[in-house]
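When a ligand or atom number is given, it counts from 1 through the structure's own listing order. Just so you know, these numbers come straight off a predicted model, no measurement behind them. One-based numbering along the sequence shown.
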Amino acid sequence: MSNSPTQPRKDEDFHSQSPNQDINWEDYRDHLATADKDGHRRWLYPKKPSGKWFRWRTWFSWVLIALMFLGPWIRINGNPLLMINILERRFSILGQIFWPQDTVIFAVAMLVFITSIIIFTTAFGRLWCGWACPQTVMMEMVFRKIEYLIEGDSAEQRALDAAPWTAKKFLKKFSKQFIFLALSFIVGNTLFAYIVGSEKLLAIQFDDPRNHIVGLTFMCLFTLLFYGIFARFREQACTFICPYGRFMSAAIDENTLVVAYDYKRGEKRGPLHRGQSFDQRKAEGNGDCVACRQCVAVCPTGIDIRNGTQMECVNCTACIDACDTIMDKVGRPRGLIRFASLNNIEHGEKQCFTKRMLLYTVVLSALVSLFLFLVFTRAAVETTFLRAPGALFQQTAEGRIDNIYTVKVINKTSKDLPVEFKIENLAGSLRVMSPGQFIVPKEKLAQTSVIIELDPKRLTGASTKLEIGIYSGGKLLETVKTGFVGPR
Ligand code: SF4
Ligand code: SF4
């Protein structure tokens, strides 16, 4: 699919104004739309999009933005909706706390994630990038809109940048950068809250700064990082940094739905002359594309979708809206640029569920089932019950044999758990060496020592297998195995 369904064509009238005018359009695939022939960045001034798709995208974005900013503050069973605390190795997904020990669940979760991406990309191309990626959503729906509000649409922005510095220009530029920085601070803090948790974030913000030098440093770094991305780096992040864009090329095929130009209907492109009808155009060998370049003008990555599917396209649909508006004006049916597969455009085939997608779906369903099974059958605690290192067995005055054990219990729940131990497979006594009841605090690991005494008659050899039940409130949480040593 990386080979264009269309041949590159020149539009001389446009290239004279294009940011990419130094590019030889016959070998445009060797060039970036946002760089000149010397590799210098060409700043993009995408035109303000409008239309049906943009309205839907706006509504969807507001939902995502609300979710993104509220996410760290939403609690399920007292746990964050999502927290990826790499520093303390604590993770919360949909209110379920995961520990580094949950490696199998993590491995399956990663497989589910990767398989979902492959299936989604195979079916819908880079829909994620244009519609749900936080970078695009924040850039196009927040930062870009603020830019339009302060500096105006594409032409006004170009004029402002070209104009000499005046008090008005300074005020516009300064206020835009100030708002960008303030917003970047909020975005950076939100990401930070997803990492350290909202309570820790509040502590860093309101506690004595001397106690949180590292946290405050990260807050500043995150702010500067996002300011750099949204104020300057912009579409370059999608083109150069994001691995998903690179991966996309391997996942899509001729049945993948992408934003595509119907070259069969559009070519040969050419301006619509006054009084010219489309029947006349057709007779002259022209198609529906009137070479107005509105699809290029609105593109936030600076590409011309008429050259075919390209790595930079994030499927934002701005060009669909722009072209539909033109088609309405010239009285032709909408959809010259639309969501379509290569097979749909070339052969008129409807989107179909391919064998590859079927296979991926079967694998994904199996992985999701396994993941859910592991999550919902996961014990509330994880216990290691090992003989104390270096300790030998002892014989009591009554002739019984005792062993001492070190016990570590991880409480994966969000409430403190009083824990008891019982020998399940043999008669014997078990004493916990902690004073009072052994309580494992929520989301924490607690350790204690346990002495087990057995009648020598019960021993089956130098090492006897023991099964220990871990209980809380009379409920068996899990059973662990350990060994009991005695005389040969
Ligand atoms: S080509 Fe169209 S869909 Fe792709 S990034 Fe540009 S405007 Fe968005
Ligand atoms: S907006 Fe539509 S008609 Fe205009 S140049 Fe693009 S594809 Fe052609």
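- Residue, atom and distance of the protein heavy atom nearest to atom 2 (Fe) of ligand 1 are Cys319 SG, 2.3 Å.
- Side-chain N/O atoms of Tyr45 and Glu156 include no donor and acceptor closer than 3.5 Å.
- Applying the 4.0 Å criterion to heavy atoms of Ile305 picks out, from ligand 1, the atoms 1 (S).
- Salt bridge Asp207/Lys200: absent, no basic N to carboxylate O contact under 4.0 Å.
- Not a single N/O/S atom of Cys323, whether from backbone or side chain, sits less than 2.8 Å from atom 6 (Fe) of ligand 2.
- Ligand 2 places these atoms under 4.0 Å from at least one heavy atom of Ile337: 7 (S).
- Every atom of ligand 2 is numbered from 1 in the order shown, and the set under 4.0 Å from a heavy atom of Arg306 is 5 (S), 7 (S).
- The protein non-hydrogen atom at the shortest distance from atom 5 (S) of ligand 1 is Val314 N, 3.4 Å.
- Looking at Tyr148 and Gln157, their side chains never bring a donor and an acceptor atom within 3.5 Å of each other.
- To the nearest 0.5 angstrom, Cys299 atom SG is 8.5 Å from Gln310 atom CD.
- A salt bridge links Glu235 to Arg41: one of the charged nitrogens lies within less than 4.0 Å of a carboxylate oxygen.
- Pro300 is not listed as a side-chain neighbour of Arg234, based on a closest heavy-atom distance of 4.5 Å or more.
- Regarding atom 6 (Fe) of ligand 1, its nearest protein heavy-atom neighbour is Cys299 SG, 2.3 Å.
- Near Met327, meaning under 4.0 Å from one of its heavy atoms, ligand 2 places the atoms 3 (S).
- Side-chain atoms of Tyr227 and Gln177 form a donor-acceptor pair, as typed in the model, at a separation below 3.5 Å.
- Of the candidates Cys292, Ala291, Cys289, Cys292 brings a heavy atom nearest to atom 4 (Fe) of ligand 2.
- Below 4.0 Å from some heavy atom of Thr301 lie the following atoms of ligand 1, by number and element: 5 (S).
- Set against the non-hydrogen atoms of Asn315, the atoms of ligand 1 under 4.0 Å away are 3 (S), 4 (Fe).
- Relative ring orientation between Phe226 and Phe230 is described as parallel, the plane-to-plane angle staying below 30° on a 0-90° scale split at 30° and 60°.
- For Arg269, the closest heavy-atom approach to ligand 2 does not fall below 4.0 Å.
- Of the protein's heavy atoms, Cys316 SG, 2.3 Å lies nearest to atom 8 (Fe) of ligand 1.
- Contact annotation for Thr317 and ligand 1: only backbone heavy atoms (N, CA, C, O) come within less than 4.0 Å of the ligand.
- Short contacts between ligand 2 and Arg293, defined as distances under 4.0 Å to a heavy atom of the residue, involve ligand atoms 4 (Fe), 5 (S).
- Side-chain contact, Gln276 with Asn286: no donor N or O sits under 3.5 Å from an acceptor N or O.
- For ligand 2 and Cys295, the ligand atoms under 4.0 Å from any heavy atom of the residue are 1 (S), 5 (S), 6 (Fe), 7 (S).
- The contact set between ligand 1 and Pro300, taken as ligand atoms under 4.0 Å from a residue heavy atom, comprises 7 (S).
- If you number the atoms of ligand 1 from 1 as listed, the ones under 4.0 Å from a heavy atom of Ile303 come out as 1 (S).
- In terms of modelled atom types and a separation under 3.5 Å, the side chain of Asp253 and the main chain of Thr256 share a donor-acceptor contact.
- Using a 4.0 Å cut-off between charged side-chain N and carboxylate O, Lys48 and Asp153 make no salt bridge.
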